[in-house]
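Lettering of chains follows the sequences in order, A, B, ..., and the numbering in each one begins at 1.
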There are 2 protein chains.
Amino acid sequence: MRTPVDARRAALVEAAVRVVSARGLSAASTRAIVAEAGMSLASFHYAFESRDELLDLLITEVLAKEEKAVLPEQLEGRTLAELLHAGLTGYLDHLRADPAREQAMLELTQFALRARPELARDQYAQYTRIATAALEMAAHHTRSRWTVPVPTAARLLISFTDGITLTWLVDRDDALAESVVTAAAAALAQLAAPLTDAE
Amino acid sequence: MRTPVDARRAALVEAAVRVVSARGLSAASTRAIVAEAGMSLASFHYAFESRDELLDLLITEVLAKEEKAVLPEQLEGRTLAELLHAGLTGYLDHLRADPAREQAMLELTQFALRARPELARDQYAQYTRIATAALEMAAHHTRSRWTVPVPTAARLLISFTDGITLTWLVDRDDALAESVVTAAAAALAQLAAPLTDAE
DNA sequence: GTCTATACACCGATAGAC
DNA sequence: GTCTATCGGTGTATAGAC
């Protein structure tokens with residue numbers, strides 16, 4: 001059941017995302033957020049105890065949604081390199097479709113790193129679980145096995161997506177980004193080997 | 001020639017780096033910076049027109065120094081994978097030696113992305129030139145050639161170091177980071193092939 | 001040149017009318 | 001519950017004494 005106050009909280013979180021995306025976290029004052037949401041300042045403090053409470057919810061809720069957006073529903077490709085390429089291309093498309101939002105995610109992660117380090121850690125632990133499951137599924141689907149520990153490969157994948165996000169946000173070079181995604185897929189695929197008949 | 005006002009500017013920039021490293025960019029108010037530098041507030045505005053002017057200098061000067069710190073003087077290793085592993089391990093050591101500073105660099109880059117995008121672009125263009133030169137040298141030194149365009153490999157290397165920085169800052173998992181560095185070096189090395197006799 | 005004192009805008013948060 | 005009005009605090013920047 002959705003009580004009015006929860007609806008208000010949701011509206012404020014959404015407004016906050018828009019403000020952070022458009023003008024950065026440092027511009028996301030309570031006043032700017034309520035203006036974006038079309039509310040009065042007092043309504044904010046009726047829904048939230050404090051600005052910190054909203055930021056907590058913003059980080060956990062918005063970063064959690066991000067997971068689903070990044071993970072494609074169905075990957076195409078017969079070889080492991082093709083599968084990885086499809087997955088990374090999907091992420092690159094997601095990034096290019098809404099760069100401001102992804103930049104906001106980065107700012108929120110960095111803010112969490114200082115203000116709520118345990119939230120950032122939890123988030124990345126969750127990313128790691130998701131990447132691990134995806135890589136294991138990809139290997140199984142192509143009858144391969146990883147020659148490095150799967151958590152290592154998962155972390156490498158996460159590091160790479162973080163890196164490509166930052167570099168693309170800086171120079172917006174689509175052609176170079178696609179070229180890098182292709183090279184990264186090929187390089188990552190080299191960390192797996194075909195299953196032997198015994199396996 | 002170093003006039004007094006330039007010395008004051010330098011002292012303020014150094015104080016600002018310390019404040020950003022310790023407490024984040026959002027805490028780096030002019031008051032916090034002059035307190036760290038042991039100056040009065042008015043002295044700040046004698047040396048700088050505005051806080052923005054200091055941030056401009058901070059970004060260009062501090063990010064420029066970063067280049068040299070990241071690039072190791074001499075790499076050891078006979079194979080390309082060993083060379084890449086040594087280089088990446090050097091960067092990881094650099095990160096672990098002063099994580100607060102590296103976190104400050106990330107915050108400054110992200111700030112520049114919003115406030116002075118051209119500065120961020122210039123900075124990454126410079127990173128690319130340095131990474132390109134390093135990769136070409138490494139390939140030449142091990143009698144290899146890159147099977148992908150060198151700018152692509154360079155961008156992959158930069159993306160990866162950006163990513164490893166963020167992920168390590170989040171969870172500080174040394175063992176996993178080392179494992180990932182090893183895997184990344186192996187993966188990157190797969191993008192090169194030995195020179196043939198004709199070459 | 002360097003200081004103290006202060007102007008003025010904006011911040012998060014709250015009081016109190018309705 | 002929702003508003004306007006306002007509190008106390010901090011931000012950047014400046015005026016003016018020395």
Next on the checklist: Quick one, B:Leu95 and B:Thr161 - any side-chain contact, counting heavy atoms below 4.5 Å?
Outcome noted: no
Next on the checklist: Just to verify, what does B:Asp93 make a salt bridge (charged side-chain N to carboxylate O under 4.0 Å, His left out) with, not counting sequence neighbours?
Outcome noted: B:Arg96
Item to check | Contacting residues from residues 15-26 of chain A, given that a heavy atom lies under 4.0 angstrom of DNA chain C | outcome: none
Checklist entry - Within the structure shown, what part of the strands sits under 4.0 Å from A:Ser43 by heavy-atom distance: base, sugar-phosphate, or nothing? => result sugar-phosphate
Next on the checklist: Rounded to whole Å, please give me the gap between CG in A:Leu41 and C1' in D:dT4.
Outcome noted: 11 Å
Checklist entry - In chain order, what residues pass the side chain to side chain donor-acceptor pair (under 3.5 Å) check against A:Thr109, with sequence neighbours excluded? => result none
Checklist outcome for this item: Residues passing the salt bridge (charged side-chain N to carboxylate O under 4.0 Å, His left out) test with B:Arg9, sequence neighbours excluded, are B:Glu53
Checklist entry - Partners of A:Glu102 by salt bridge (charged side-chain N to carboxylate O under 4.0 Å, His left out), sequence neighbours excluded? => result none
Checklist entry - Residues two or more places apart in sequence or in another chain: which of them pass salt bridge (charged side-chain N to carboxylate O under 4.0 Å, His left out) with A:Arg145? => result A:Glu199
Checklist entry - So which of residues 28-39 of chain A are in contact with DNA chain D, with a heavy-atom cut-off of under 4.0 Å? => result A:Arg31
Item to check | Residues which pass side chain to side chain donor-acceptor pair (under 3.5 Å) with B:Gln103, listed by chain and number, not counting sequence neighbours | outcome: none
Item to check | Under the side chain to side chain donor-acceptor pair (under 3.5 Å) test, residues paired with A:Arg129 that sit two or more places apart | outcome: A:Gln126
Item to check | A:His45 NE2 to D:dT6 C1', straight-line distance once rounded to whole Å | outcome: 13 Å
Checklist entry - Within the structure, does a side-chain N or O atom of B:Arg8 lie under 4.0 Å from either OP1 or OP2 of C:dT2? => result yes
Checklist entry - Can you list the residues that meet the side chain to side chain donor-acceptor pair (under 3.5 Å) rule with B:Thr152, with sequence neighbours excluded? => result A:Ser179
Next on the checklist: Contact list please: residues 46-63 of chain B against DNA chain D, heavy atoms, distance less than 4.0 Å, in numerical order.
Outcome noted: B:Ser50, B:Arg51
Item to check | Separation of atom CG in A:Leu12 from atom C1' in C:dA13, rounded to whole Å | outcome: 15 Å
Checklist outcome for this item: So ring-ring contact (aromatic ring centres under 6.0 Å, His included) across residues 13-59 of chain B, not counting sequence neighbours, yields B:Phe44-B:Phe48
Checklist entry - What integer distance in Å separates A:Phe44:CZ from D:dG1:P? => result 19 Å
Item to check | Full working for side-chain hydrogen bond (donor to acceptor under 3.5 Å, both in side chains) between A:Thr165 and A:Tyr91 | outcome: CA-CA 9 Å; A:Thr165 301; A:Tyr91 174 72; 2.4 Å; yes
